[in-house]
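Small disclaimer: the values here were computed from a predicted structure and weren't measured. Chain A is the first sequence line, chain B the second, and so forth, proteins listed ahead of strands; every chain is numbered from 1.
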2 protein chains.
Amino acid sequence: MKRNTWQREAVREALEESPGFVSAQGLHATMKDAGSEVGLATVYRALADLATEGDADSLQQEGESLYRACTPGSHHHHLICRRCGTTVEIAADAVETWAREVATLHGFTQPHHVVDVFGYCADCSRLAPAHRIL
Amino acid sequence: MKRNTWQREAVREALEESPGFVSAQGLHATMKDAGSEVGLATVYRALADLATEGDADSLQQEGESLYRACTPGSHHHHLICRRCGTTVEIAADAVETWAREVATLHGFTQPHHVVDVFGYCADCSRLAPAHRIL
DNA sequence: ATCGTTTTGACAACGGTTATCAATAAGCAT
DNA sequence: ATGCTTATTGATAACCGTTGTCAAAACGAT
């Protein structure tokens with residue numbers, strides 16, 4: 001049976017207070033700074049649980065998993081700032097149906113999809129002129 | 001100045017002969033089995049170069065980077081079989097414009113996007129009935 | 001309070017990737 | 001061809017995020 005511990009709840013709360021996507025290690029550091037004495041392994045486990053339960057979104061960037069609290073049950077995608085990490089949730093039914101259709105068209109079943117848009121948010125666009133070509 | 005070595009060319013050719021996405025280590029093993037004596041580090045470097053030059057697509061799955069040769073210059077996405085790795089290149093102008101629009105709408109600049117669809121291809125759907133719920 | 005089972009957490013181990021650095025070889029100039 | 005400069009190679013070590021280990025702690029039912 002699944003048990004409720006203050007650690008898991010602390011991770012959930014810390015995640016909800018984080019503005020954008022955070023890494024497990026980052027969240028652990030934040031929590032430690034805030035005085036919460038939670039083990040690193042526990043943070044990893046709690047985040048993985050939250051993700052499988054649908055209470056958190058996760059994405060992979062540069063070899064590490066990033067997490068973000070999300071409204072449970074709703075399927076959506078993200079618009080993420082490459083510099084500051086600010087994230088906007090975006091829903092796009094058109095993309096959902098497109099993904100399903102293109103999969104079926106090629107005989108694929110049980111389709112999943114990964115759709116994320118990265119860029120520089122308004123603020124960071126202002127601060128950082130294009131010294132990055134991409 | 002950029003130099004041409006037989007190692008880099010060997011990696012390019014091995015990648016082009018691979019049917020789906022391959023990992024750096026997998027490609028290295030394949031090449032070694034085929035008698036090509038190329039260092040692992042070199043394979044990593046060559047694949048990274050190919051990806052930045054636009055001659056290879058890359059995606060991240062389960063903590064590792066996978067690569068695939070692609071027609072240079074063309075932007076497209078993939079429909080990937082979760083079981084056998086077979087890959088279909090898909091073009092979707094609708095998704096391209098959608099990504100650009102949603103980014104601009106929220107004030108984001110220099111938008112990139114990651115759009116990949118995973119599923120079980122026709123063959124694998126037949127072989128593996130749904131003992132995986134997702 | 002007691003008990004059985006789950007969870008925790010410090011640390012080791014793991015796996016993919018990158019850095020190191022001496023040895024090699026590509027490409028240019030002569 | 002020869003030498004020279006410098007990018008590249010490759011064996012290995014280091015790195016870093018993540019997961020396994022396992023004894024100790026604690027949840028929840030009784």
(request) State which residues pass side-chain hydrogen bond (donor to acceptor under 3.5 Å, both in side chains) with Asp57(B); sequence neighbours excluded, sorted by chain then number. (result) His76(B), His78(B)

(message) Taking side-chain hydrogen bond (donor to acceptor under 3.5 Å, both in side chains) as the definition, give me every residue that meets it alongside Thr109(A), ordered by chain and number, with sequence neighbours left out.
(response) Ser125(B)

(request) Give me the residues of residues 3-33 of chain A where at least one heavy atom lies under 4.0 Å from an atom of DNA chain D, by number, or none. (result) Arg3(A), Asn4(A), Gln25(A)

(message) Pick the closest DNA chain D nucleotide for Ala48(A) and for Met1(B) by heavy atoms, then say which residue is nearer the 5' end.
(response) Met1(B)

(message) Does Glu62(B) reach a base, just sugar-phosphate, or nothing at all? Heavy atoms under 4.0 Å.
(response) nothing

(request) Check ring pair (Phe, Tyr, Trp, His ring centres under 6.0 Å) between His28(A) and all other residues, then give those that pass, not counting sequence neighbours. (result) none

(request) Just jot down the side chain to side chain contact (heavy atoms under 4.5 Å, CB included) partners of Glu13(B), sequence neighbours excluded, or say none. (result) Glu9(B)

(request) State plainly whether one hydrophobic cluster holds both Ile90(B) and Ile80(B), where clusters connect Ile, Leu, Val, Met, Phe, Trp and Tyr through side-chain heavy atoms under 4.5 angstrom apart. (result) no

Can you tell me the distance, in whole Å, between the [atom1] atom of [X] and the [atom2] atom of [N]?
{"X": "Leu40(A)", "N": "dC16(D)", "atom1": "CG", "atom2": "P", "answer": "14 Å"}
{"X": "Glu64(B)", "N": "dT18(D)", "atom1": "CD", "atom2": "C1'", "answer": "14 Å"}
{"X": "Gln60(B)", "N": "dG17(D)", "atom1": "CD", "atom2": "C1'", "answer": "12 Å"}
{"X": "Gln61(A)", "N": "dC16(D)", "atom1": "CD", "atom2": "P", "answer": "18 Å"}
{"X": "Lys2(A)", "N": "dT7(C)", "atom1": "NZ", "atom2": "P", "answer": "7 Å"}

(request) Taking only Lys NZ, Arg NE, NH1 and NH2, and the carboxylate oxygens of Asp or Glu, determine whether Lys2(B) and Glu53(B) approach each other closer than 4.0 Å. (result) yes

(message) Side-chain N or O of Tyr44(A) versus OP1/OP2 of dT18(D): is the shortest distance under 4.0 Å?
(response) yes

Show me the donor-acceptor pairs, under 3.5 Å and distance only, between side chains in residues 37-49 of chain A and residues at least two apart or in other chains.
unit_1	atom_1	unit_2	atom_2	d
Asp49(A)	OD2	Arg8(A)	NH1	2.7

(request) Assess whether one donor atom and one acceptor atom, taken from the side chain of Arg45(A) and the base of dG20(D), lie less than 3.5 Å apart. (result) no

(message) Applying ring-ring contact (aromatic ring centres under 6.0 Å, His included) as the test, list every pair that has at least one member in residues 80-108 of chain A; sequence neighbours left out.
(response) none

(request) To the nearest 10°, let me know how far the axis at one end of the helix from dA1(C)-dT30(D) to dT30(C)-dA1(D) is tilted from the axis at the other, five pairs an end. (result) 40°

(request) For residues 85-98 of chain B, pull every pair meeting salt bridge (Lys or Arg N to Asp or Glu O under 4.0 Å), keeping only residues two or more places apart or in separate chains. (result) Arg68(B)-Glu89(B)

